[in-house]
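Taking it in order: structure first as structure tokens, then the write-up.
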Amino acid sequence: MHGPAPTTLGHVTIRLYDTSARQIRDFTPLQPGCVSIYLCGATVQAAPHIGHIRSGLNFDIMRRWFEYRGLEVTFIRNVTDIDDKIIAKSAEQNRPWWSIGYDNERAFTDGYRALGCLPPTYEPRATGHITEMVEMMRGLIERGHAYEADGNVYFAVTSFPEYLKLSNQELDNLLQPSAEGETGKRDPRDFAMWKAAKPSEPSWETPWGRGRPGWHLECSAMAHKYLGTAFDIHGGGLDLIFPHHENEIAQAKAYGDEFARYWVHNAWVTMSGEKMSKSLGNSVLVSEMVKRWRPIVLRYYLGTPHYRSMIEYSEEALREAESAFARIEGFVQRAAELAGRPVEPSAEVPPAFAEAMDDDLGVPQALAVVHTTVRQGNSALAADDKDAAVARLAEVRAMLGVLGLDPMDPHWAGDTDSGEDLHGVVDSLVRLVLDQREAARARKDWPTADAIRDRLGQAGLVIEDSAQGPRWSLGPR
């Protein structure tokens, strides 16, 4: 699923919007030829909605583009399998916390896979890294950046002068989110790295007593373990800038790490102008969406707006995405039929596509190049110019491969309807009817031929007559 053969980065410059710099910057990897990415992944207290999967999808496209440009990518996406919300769900559902976490982790994995996201290089779980967290807290306490109180361990924010630079806030105005049981703080703005054990809650042994990790500490420790003291890109949703990413930076840098050199944040999927979230009860679960929409269409819908622009969810917008992708897919299928042989993606994408992707992953502009190339290909098909049609097909496959949207990729084999794969069965049945229509046309029985076509249209099928014979496709919903 990696698309066309990669090209070398050479003189090409990829540019990314860096949240910490508040501007688009040229991307220069720490290690030539390699790029390291840490993405905040799932908090597994519930199954994923399409807003959760958007983040994974946006960074999947980033990863694919780096790989196309010849860079070797190390991609870490963590799983937060212990936090306040998971513990609350455990009490609410009277189920073990680890059972809830594991079921939902699998649901996230299924969602990522369904929408064509490449698996991460490593996908560490928070609970597997308690040793690293204890080690980091010990170092921070020794350096005077953290302290223990009532079995909790807090980070002292005034000990770190760079605190709040990412979110551009004033420390004097700060309201730090604080959970129940966070007692003994020297300053209300300090945040918890470790929380003292409560009866019936999961806990681990530490030098400061039994307890469990705070959310922010988990990512600092895992990024350090898998990517070292410095890495290229830290990603996540806009909602993580504060407090999560701000607190990650404080812990890691106070510990002595350089940490992330670029901060990249994707925007939300909204409903009625509000961020899609579990707490608002307005979520659209991936497991339900893939029953109603082809996964490749969902990927097109979520992956083709710019990663920094909000997506306002609506059924109408999804239908528009379905129609737009159908135009691309229709050309790919017709051109492949005309070629009569496998047509591999071209070695390089068109220059305008590459230029758009290099400029802060400008997928909307890149997609415009795809649609232009499809129109050129359709013109070639209409003119029976086989060579031009096949050339455009190779270019379109190369571009779609980068976006993870190539319908000829083995991953999408069988992704032809929104439920079970009935395409073969339907195709056989429609062919029988089309044979009857062809027989009617051959004997010049035009009323019967037209009636058959109309009945198929009422059933939601579009019939197209071509030089290779009649072809059917699903019409718009």
All side-chain hydrogen bond (donor to acceptor under 3.5 Å, both in side chains) counterparts of Asp83, not counting sequence neighbours: none

Side chains of Gln45 and Ile87 in contact at under 4.5 Å (non-hydrogen atoms): no

Any residue meeting side-chain hydrogen bond (donor to acceptor under 3.5 Å, both in side chains) with Glu123, in chain and number order, not counting sequence neighbours: Arg77

Residues which pass salt bridge (Lys or Arg N to Asp or Glu O under 4.0 Å) with Arg106, listed by chain and number, not counting sequence neighbours: none

Salt bridge (Lys or Arg N to Asp or Glu O under 4.0 Å) evaluation trace for Asp103 with Arg95: CA-CA 11 Å; Asp103 282 354; Arg95 283 176 64 198; 2.7 Å; yes

Non-neighbouring partners of Asp232 that pass side-chain hydrogen bond (donor to acceptor under 3.5 Å, both in side chains), sequence neighbours left out: Ser36

Partner residues of Asp387 under the side chain to side chain contact (heavy atoms under 4.5 Å, CB included) criterion, sequence neighbours left out: Asp385

Residues that Glu438 engages under salt bridge (Lys or Arg N to Asp or Glu O under 4.0 Å), provided they are two or more places apart: Arg441

Any residue meeting side chain to side chain contact (heavy atoms under 4.5 Å, CB included) with Arg15, in chain and number order, not counting sequence neighbours: Thr13, Ile24, Asp26, Asp359

Point-to-point distance, once rounded to the nearest 0.5 Å, from OH of Tyr313 to CG of Leu318: 5.5 Å

Closest contact, heavy atoms only, Asp18 versus Arg261: OD2-O, 3.8 Å

By salt bridge (Lys or Arg N to Asp or Glu O under 4.0 Å) - contacts of Asp110 (at least two apart): Arg113

Ion pair Glu288/Lys291, N-O distance below 4.0 Å: yes

Any residue meeting side-chain hydrogen bond (donor to acceptor under 3.5 Å, both in side chains) with Arg455, in chain and number order, not counting sequence neighbours: none

Steps toward ring pair (Phe, Tyr, Trp, His ring centres under 6.0 Å) verdict (His245, His216): CA-CA 8 Å; His245 289 164; His216 317 302; 9.6 Å; no

Ring pair (Phe, Tyr, Trp, His ring centres under 6.0 Å) partners of residues 325-351, not counting sequence neighbours, each pair once: Tyr300-Phe325

Under the side chain to side chain contact (heavy atoms under 4.5 Å, CB included) test, residues paired with Asn58 that sit two or more places apart: Arg54, Asn266, Tyr307

Salt-bridge criterion met for Glu322 and Arg319 (N-O under 4.0 Å): no

Residue list, side chain to side chain contact (heavy atoms under 4.5 Å, CB included) with Ala88, at least two apart or on another chain: none

